[in-house]
Structures are given as structure tokens and as C-alpha cells.
Amino acid sequence: MSISEKDWREEQVRVDEVTTKIAGQVERLEAQFGETKADMVDIRKHFWDEVTLNFSNMEEVMDTYFSIKQQADVLTERERSYRNSAAAAAKLRRMIDSPYFGRIDFREAGEPKEEPIYLGIASFVDEASDTFLIYDWRAPVSSLYYDYPPGPAVYQTPGGDVAGEMTVKRQYVIRGHEIKLMFDTGITIGDELLKQVLSRSSDAQMKTIVATIQKEQNRIIRDDSHRMLIVQGAAGSGKTSAALQRVAYLLYKHRETLKADQMLLFSPNPLFNSYVSTVLPELGEENMQQTTFQEYLQHRLGKDFEVEDPFQQLEYVLSGVNDPDYAARMEGIRYKSSVSYLNAIRAYYELLGQEGMAFRSIRFRGRTVVAAGTIKERFYSYDRSIRLPNRIVLLRDWLLEQLASFEKDEWKKAWVEEEIELLSTEDYQRAYGKMRRMNRAQGREVSFDDFEKEKELLARMIVQEQIKPVKNRIKNLRFVHVQALYRQLFQEEGVGRSLIASNELPPLWSHICKQTLERLERSELAYEDATPYLYLSELLLGFQTNTSVRHVIVDEAQDYSPFQLEFLKRLFPRARMTALGDINQAIYAHGSVLHELDPIVALYGPEQTEIIRLTRSYRSTQEIVEFTRGMLPGGEEIEPFQRSGEKPTMKVVHSTNALHEEIARDVESLRAEGFASIAIIAQSAEESAAAYEALRERLELRLITKSSPSFEQGTLVIPAYLAKGVEFDAVILYNASKAQYSREEVRKLFYTACTRAMHQLRLYSLGEPTPFVTELARDTWEDRTHEEANR
């Protein structure tokens with residue numbers, strides 16, 4: 001049942017009253033054991049002052065003994081009193097934060113009205129009225145909460161059974177004596193120093209920036225008053241560095257309450273975890289938890305589906321242009337990451353509360369125990385006002401009852417007798433041991449002569465063992481057919497069309513449906529489907545939340561959709577979030593959460609959200625920044641740091657052999673200049689692999705793929721999307737041709753690749769160069785194509 005605002009206010013008032021009384025009791029206990037502690041100190045200090053020592057005769061010895069014992073007993077009593085009071089105060093202190101977790105209203109038979117009973121980790125009695133405000137969860141009456149849904153109920157007491165009716169069963173999540181959830185159920189720095197730092201070679205791992213923290217970065221590091229901090233920063237503006245220093249700051253400021261393992265970084269790829277792994281240890285802090293969003297999706301969905309990762313999706317976007325289904329796939333990617341689709345999933349969930357649920361039959365050894373239709377009928381027989389996940393829990397309990405009855409019937413089946421005949425000696429010994437324990441418990445002699453008892457016990461063991469997987473599937477709610485429910489959204493004339501407003505329905509919706517269903521039939525889940533699928537599953541079965549994580553940092557947030565950020569909020573309900581990104585580096589096909597800030601601000605509300613924009617770029621030389629910012633609409637807002645260098649260069653070649661010879665010559669030249677970190681950046685993984693194979697005989701280099709465990713200094717060949725967030729002394733763009741980079745969809749990928757360079761940026765083009773360069777102001781780059789002819 002839904003709970004009214006009036007009920008919610010009344011419940012919060014009670015929480016406030018109870019926690020105030022608990023706090024008062026804690027104060028009294030603390031004063032009490034404070035006095036006791038003072039007594040203990042005094043007794044220990046003057047222990048022998050109160051003892052008369054006389055060993056002249058036996059009588060005096062006995063007097064001495066009793067004198068010592070009396071003092072020791074007094075001290076022991078004070079110590080016991082201190083321990084008890086301290087323990088009680090400690091328990092009550094915990095209850096101040098969360099005084100209770102449940103409530104039942106119970107009307108005992110023959111009584112005119114019900115009594116509200118609140119359950120907590122310990123009992124608490126109001127000293128003024130001598131009434132229980134909170135019952136210990138182990139008290140007899142508390143068994144009602146665990147044993148019964150609302151309705152007739154009975155509990156046992158030392159004086160006999162007490163019957164009556166439970167009218168309310170309510171659950172709470174109370175944190176900091178505030179009800180979070182409640183439901184009824186049947187669940188800065190000088191430029192010269194900065195120039196010195198930036199002029200150094202890059203490393204295989206990111207370094208700390210504590211010596212070069214800028215004013216705007218300091219705002220990021222020390223913001224501690226907002227639930228959501230959004231950092232929109234230009235490439236090389238120090239977003240990630242500032243965020244890692246922020247972690248160190250928060251761990252220092254909140255060192256009594258916040259630990260490193262309560263902070264979690266979502267990084268763009270596993271390689272990035274290696275890149276940032278040394279920052280916090282350098283600052284004397286332990287590393288926080290690190291993962292990727294894809295790793296989480298794989299963990300949750302990998303048992304049921306082959307889950308596409310974002311790099312596979314991007315590879316298709318880059319290389320699948322000639323695919324007849326390309327337009328539909330692209331449209332589907334954009335739509336399935338949108339707020340419109342999120343709202344459609346929510347509407348679908350509400351609809352399923354009334355109709356359309358899908359279940360799997362419960363089967364055992366090829367036979368149906370409970371048919372899917374029967375399960376559906378039972379589900380919709382429950383009160384529609386009960387939340388859908390709670391109805392599923394009721395359904396689970398009912399199915400377990402049906403299975404228990406079925407299990408008992410199976411004991412006498414012929415297949416069981418056949419299994420008994422095949423039992424090993426060890427199985428018989430196990431059965432015998434179990435039977436001995438049962439007989440002893442009943443006061444009977446231990447014997448294996450009782451053939452019927454032996455047979456029944458063995459039969460029960462066999463059936464119990466074989467039916468256990470079925471029982472576990474029920475307990476894990478696997479009888480809810482989430483795959484079928486997700487498919488329903490895309491089936492012909494299915495619910496999807498009715499749930500999506502006509503003005504929001506993608507033009508190629510039918511093609512999107514066909515593509516989605518085909519992949520689902522192959523047990524494949526496209527990357528754009530993974531989060532919506534999991535979100536629907538969580539709505540139905542209950543969110544698997546993590547309340548221990550207190551701060552989530554999302555790096556490269558522009559690569560997340562509004563749908564994904566909403567999911568992370570639900571996954572970490574107690575956490576604050578820091579989202580770092582650059583809309584100009586949004587390289588994926590789906591809608592970026594930073595494209596329009598309204599959805600991300602709405603996550604926690606404007607009053608709980610702070611937006612900080614970083615427009616100054618520190619990574620690259622002034623010449624590189626002036627070159628790259630011209631590629632972007634509004635790029636003039638990006639401010640280069642005044643560190644001079646060479647202009648980026650472009651060289652056109654007309655054969656792959658010439659391309660590879662020129663690149664090899666360039667790499668050797670850069671190495672001779674002292675550049676330790678050189679990246680040859682290709683557009684895709686396929687192009688990277690081809691470049692590596694062509695260059696490996698000419699150069700010592702390493703190919704970076706999504707499976708590479710770490711970055712190392714040297715010469716790397718790497719796809720543009722894996723270079724995100726990382727910096728190199730020199731960057732060579734492998735093939736900046738019009739053939740590779742002409743579509744608007746890859747402009748940001750090209751920009752991202754170019755902005756990885758700290759000191760040198762050199763571009764090669766196999767044939768006509770990309771318009772992303774030729775359309776730029778000619779004074780921002782140099783053409784090296786005819787340099788040899790002009791010598």
C-alpha cells in the first residue's frame with residue numbers, strides 16, 4: 001500500500017521523538033558510567049588503604065582475606081556496571097541513527113484496538129511512561145513480523161499462544177534519524193612553475209597535481225556541500241587530476257567516517273585504471289575502488305547474454321556505414337539512451353502491475369510443477385495496490401509452498417527408488433548419520449533395521465538434493481521471465497508502440513524492433529539495450545543497491561547517457577556523485593548526458609547540484625590548443641596556457657608504404673629529441689592492428705587494445721577511443737585523410753585524438769586530408785607535404 005504524506009509526517013515525528021529520548025538516555029548512561037569509571041580509578045588508587053593486613057594467626061588471616069575480597073568484589077562490580085552501561089550506551093547510540101526497521105500493528109483477540117509495535121536491534125523503554133517504544137527483534141511478539149503477512153496471526157509466549165490480527169506490516173530505512181524509505185508490505189599556482197611541470201615528459205601513470213593546483217581546480221577539490229558536482233572541462237584542463245586530489249581531500253577531511261573502499265571510480269576503460277593507480281598512494285592514501293560501467297553490466301548480465309561492450313558498438317559506428325541496417329541501428333542507439341525511452345520503461349513497469357507479466361513454468365525432471373499461466377493468474381489475484389516487487393515476493397513464497405508439497409509427493413516415485421539402488425556406500429553412511437541424529441533427538445535407540453524409515457530418509461535426501469536447483473531459482477526470482485518482458489516492447493503491435501508517444505517514436509521503429517528481437521533470440525544484448533534491460537529487471541525484482549559506497553566519481557561522463565546516470569543514482573542511493581566530462585569529446589553514438597544539462601541536474605535537483613566549467617587547457621602547447629579548438633563550434637572559449645611549442649604539421653602521402661616509412665622516420669626523430677612517450681593513434685582497433693603489423697618490423701612498439709592491462713612508456717599504437725583521458729609527449733595521427741575523417745559523427749573522435757599531444761602533434765594523410773584540418777585557419781598548422789622538394 002502507498003503511504004500518505006500525513007502518515008509519513010507522523011512517522012517522522014515519532015522517529016524524532018524516539019531518537020531524542022534515546023539521546024537523553026545515552027547522556028544519562030554516559031554520566032552514569034563516567035561516575036563509575038571515576039569510582040574504579042579511585043578504588044584502584046586506594047585499594048590497599050581499605051585493607052587491613054594481619055597474618056599473626058588464622059583468624060586474622062581470614063579477616064585479611066575477606067577484607068581483600070570485599071574490595072575486589074566492589075571493584076569487580078564497578079567494572080561490570082561500567083561495561084554494561086558502556087555497552088548499553090553504545091547500542092543506543094547506534095539506534096539514534098536508525099532506531100528501528102519495522103512496525104507491525106497487532107490486535108489481540110478480544111481487544112478493541114490494535115497496538116503498534118516497532119522493532120529494532122534492542123528494546124527501548126520510555127522511562128516516563130514505562131512503555132516499550134521499541135521492541136527487541138528477538139522478543140516473542142516480534143516473531144509476527146517474520147512469520148506472517150497482514151491478516152490472522154499468532155505468536156508464542158511462555159504463558160501460551162496469543163492470537164489476533166495483524167493490520168499493518170511496515171518497513172523503514174532510517175538513516176541519521178530521517179526516514180529515507182518506508183513502505184507497507186506483505187521488501188592555485190604561479191605560471192612559471194606550471195610551465196616547468198608541463199614541459200616535462202609524460203609518464204606511464206598520472207601524477208599528482210598538488211604543487212600546481214589552480215584556483216578553479218581547487219573549487220572542485222574542496223566542494224563538499226553538494227550531492228552532485230558536475231565538471232565540464234576542456235581537453236587537458238585537469239578534470240581527472242583535480243578529481244583524484246578531491247578524493248584525497250575528502251579522505252583527509254572525513255578520515256573518521258570515510259574510507260577509501262567507500263569511494264568508487266567509474267573509469268572509461270580498464271587501461272585507465274592502471275594510468276591513475278599511483279596518484280592516491282603518492283598522497284599517502286589507499287586507492288579507491290575502480291571499475292568500468294561495462295564491467296558492472298557484464299557482472300549482472302553476463303550469465304544470460306553475450307553483452308556488447310561500448311568499444312564494439314563504436315567499432316560498428318565507425319566501420320558499418322555501408323550496412324543496410326546502419327541507419328536503424330544508429331537511430332536505435334540514440335533513442336534507447338534517451339530520457340524518452342527511460343520514461344517508456346517506467347510506463348511499461350506501471351502497466352505490468354495491471355497486465356502483461358510473463359513468467360517461466362516451474363519444472364522438475366521434465367515435468368511441470370507450476371505452469372506459467374497458473375503463476376500469472378496467481379500474481380494478478382493479489383491486491384493491485386501492493387507494489388509489484390512485493391507481489392513477486394508473495395508469489396515466490398507461494399511457489400516455495402507448492403514446491404514443498406510437490407517434493408513430498410516425489411518421495412514415493414519410481415525414479416527415487418531407482419536412485420536409491422545406485423547410492424554409494426558414502427551416501428548410505430551419510431544417511432545413517434543423519435538418522436542417528438534424528439533418533440537421538442526423539443529419544444529412540446539407534447538402529448538401521450527400520451527399513452521404511454531408512455527408505456523414507458534416503459528418498460527425502462535424493463529428492464531434496466535434486467530439487468535444490470529448482471528451489472534456488474524460485475528464491476532468486478528466476479521464474480519472472482524478464483527476457484520475455486523486454487521482448488514484448490519490440491514485438492509486432494506490442495506494448496512498445498502504445499507506450500511511446502507518436503511524436504517521440506523513432507521513424508525507423510519497426511526496423512529497430514526487428515534488430516533488437518533478432519539479437520535477443522541469439523541471447524545477445526546490444527550495448528544500448530543493456531542498461532534499459534537491467535533497469536526494467538531492477539524495477540520488477542527490486543533494486544540491488546549498494547549503500548556502503550559514499551562517493552561515486554564518473555570520469556568521461558560525456559560518454560554516459562541520461563539513462564545510465566539515472567541507473568547509477570539508483571544503484572548507489574547514499575552516495576554523492578562527481579561527474580567529469582567534456583561534451584566536445586563525446587565520441588559515442590548515443591545521446592550524451594552533458595549535451596543538455598537539464599537531465600543530469602534533475603537527478604538530485606538544482607539545489608543539490610553544482611556545475612563547474614574549466615575552459616583553460618594545460619596539457620598541450622599553445623599552438624596545439626589553437627589548432628584543435630578551431631575544430632569545434634564554440635572552441636574559441638577554450639583558453640590555451642601560455643606554453644609555446646611547434647605548430648601541428650600535416651603531411652600527405654600517396655601509398656601505404658610511403659605512409660609507414662614516413663611514420664617510422666618521424667618516430668626515430670622524436671625519440672632522438674628525447675620524447676619518451678609517443679602514440680600512433682588510429683581511428684579504430686582494426687586500423688590500429690593493421691598499422692602495428694606494418695610498423696613492427698621497422699620500429700619497437702606496442703599495440704594497445706581494450707584487453708591491454710596497462711600503459712607503458714615507449715611507442716604505442718592505439719585506437720583513438722582508448723587514448724581518451726591519457727596524454728603523450730608526441731602524437732602521430734596515423735591516417736588523417738578525408739576518407740577516414742569526413743563525417744560529422746567522427747569530428748569529436750578526431751578532436752579527441754589530437755588533444756592527447758602535450759608537445760608535438762604530427763598528422764599524416766593517405767590521400768586528400770580531412771576537412772577538419774583543411775578548413776582551419778592556415779596559420780594554425782604547417783603543411784609538410786612538399787618539404788623534401790623544397791629543400
Side-chain angles (χ1 to χ4, degrees), residues 268-270 291-338 341-342 344-345 348 358-360 473 476-492 494-497 499-500 506 508-541 544 559-561 563-564 567 587-591 684-686 689 705-707 719 721-722:
N269 53 63
T291 189
T292 67
F293 192 68
Q294 177 64 23
E295 284 173 337
Y296 179 76
L297 293 176
Q298 186 66 37
H299 167 70
R300 293 294 307 276
L301 300 169
K303 293 180 181 178
D304 297 321
F305 296 99
E306 182 180 337
V307 185
E308 181 186 48
D309 64 42
F311 312 124
Q312 291 170 316
Q313 184 197 75
L314 185 57
E315 287 285 344
Y316 176 82
V317 171
L318 295 172
S319 63
V321 182
N322 297 322
D323 186 343
D325 296 324
Y326 186 79
R329 176 78 195 275
M330 295 295 288
E331 198 172 87
I333 291 171
R334 288 188 289 268
Y335 175 69
K336 290 174 181 177
S337 64
S338 68
Y341 191 51
L342 171 60
I345 293 289
Y348 184 39
F359 299 98
R360 291 186 174 94
R473 285 197 293 272
N476 293 329
L477 310 181
R478 300 284 291 179
F479 58 88
V480 181
H481 205 333
V482 182
Q483 291 97 319
L485 290 168
Y486 195 69
R487 281 200 302 267
Q488 283 181 176
L489 282 167
F490 303 97
Q491 286 166 347
E492 196 68 35
V495 295
R497 188 175 293 274
L499 288 169
I500 302 166
L508 297 177
W509 177 247
S510 296
H511 295 280
I512 293 169
C513 291
K514 180 174 178 291
Q515 288 179 355
T516 306
L517 291 171
E518 286 175 353
R519 296 193 76 148
L520 290 171
E521 286 298 320
R522 299 193 300 267
S523 294
E524 296 174 5
L525 206 57
Y527 182 65
E528 62 268 23
D529 282 301
T531 304
Y533 180 93
L534 190 53
Y535 188 78
L536 175 62
S537 177
E538 299 284 85
L539 285 174
L540 294 168
L541 308 181
Q544 296 189 25
D559 295 337
Y560 287 72
S561 68
F563 211 134
Q564 291 168 331
F567 186 84
I587 64 175
Y588 292 99
H590 60 246
S684 64
E686 183 180 356
T705 70
K706 66 180 182 181
S707 302
Y721 53 81
L722 286 180

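Atom OG1 in Thr705 sits 7.5 Å away from atom CG in Leu722 (nearest 0.5 Å). Atom OG1 of Thr291 sits about 10.5 Å away from atom CZ of Phe293, to the nearest 0.5 Å. We find the CG-CD1 distance between Leu314 and Ile333 to be 9.0 Å, quoted to the nearest 0.5 Å. Within the model, atoms OH of Tyr486 and CG of Leu536 stand 8.0 Å from one another, a figure rounded to the nearest 0.5 Å. To the nearest 0.5 Å, atoms CG (Leu342) and NZ (Lys336) are separated by 15.0 Å. In this structure, Glu295 CD and Asp309 CG are separated by 11.0 Å, a value rounded to the nearest 0.5 Å.
Heavy-atom minimum distance, Leu540 versus Leu485: CD1-CD1, 3.5 Å. Shown here for Ala358 and Gln488, the closest heavy-atom pair between the two residues is CB-OE1, 4.3 Å. The two atoms that bring Gln564 and Thr531 nearest to each other are CG-OG1, 3.5 Å, heavy atoms only. Heavy atoms only, all atoms of each residue included: Pro310 and Tyr588 are closest at O-CE2, 3.4 Å. Here the closest non-hydrogen pair linking Pro506 and Ile512 is CB-CD1, 3.9 Å. The two residues Val321 and Leu318 come nearest to each other via the heavy atoms CG2-O, 4.2 Å.
Using a 4.0 Å cut-off between charged nitrogen and carboxylate oxygen, Glu315 and Lys706 do not count as a salt-bridge pair. Ion pairing of Arg522 with Glu306 is absent here, as no side-chain N (NZ or NE/NH1/NH2) approaches a carboxylate O to less than 4.0 Å.
Using the six-membered ring where Trp is involved, Tyr533 and Phe305 have ring planes that are perpendicular, over 60° apart on the 30 and 60° scheme. Ring geometry for Phe311 against Tyr721 counts as parallel: the plane angle stays under 30°, on a 0 to 90° scale with 60° as the upper cut. Relative orientation of the Tyr535 and Phe563 rings is perpendicular, given thresholds of 30° and 60° on the angle between their planes. Taking the six-membered ring where tryptophan is involved, the planes of Tyr316 and Tyr326 are tilted, since the angle between them lies from 30° to 60°.
Around CD of Glu686, the count of heavy atoms belonging to other residues, nucleotides or ligands within 6.0 Å does not exceed 12. Heavy atoms from other residues, nucleotides or ligands lying under 6.0 Å from CZ of Arg300 number more than 12. Around NE2 of His511, the count of heavy atoms belonging to other residues, nucleotides or ligands within 6.0 Å does not exceed 12.
The shortest side-chain heavy-atom distance between Asp304 and Leu525 does not fall under the 4.5 Å cut-off.
Judged by distance alone, with hydrogens and angles left aside, the side-chain atoms of Asn476 form no donor-acceptor pair with the main-chain N or O of Arg478 at under 3.5 Å. Judged by distance alone, the side chain of Glu538 and the main-chain N or O of Gln544 form a donor-acceptor pair under 3.5 Å.
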Between Gln294 and Tyr527, is a side chain to side chain donor-acceptor pair (under 3.5 Å) present by the stated rule, with each step listed? CA-CA 9 Å; Gln294 177 64 23; Tyr527 182 65; 5.1 Å; no
Trace of the salt bridge (charged side-chain N to carboxylate O under 4.0 Å, His left out) decision for Arg519 with Glu528: CA-CA 12 Å; Arg519 296 193 76 148; Glu528 62 268 23; 5.4 Å; no
Evaluate Asp529 against Phe490 for side chain to side chain contact (heavy atoms under 4.5 Å, CB included), listing each step before the verdict. CA-CA 12 Å; Asp529 282 301; Phe490 303 97; 4.2 Å; yes
Going through the checks in order, is the side chain to side chain contact (heavy atoms under 4.5 Å, CB included) test met by Glu521 and Arg487? CA-CA 9 Å; Glu521 286 298 320; Arg487 281 200 302 267; 3.9 Å; yes
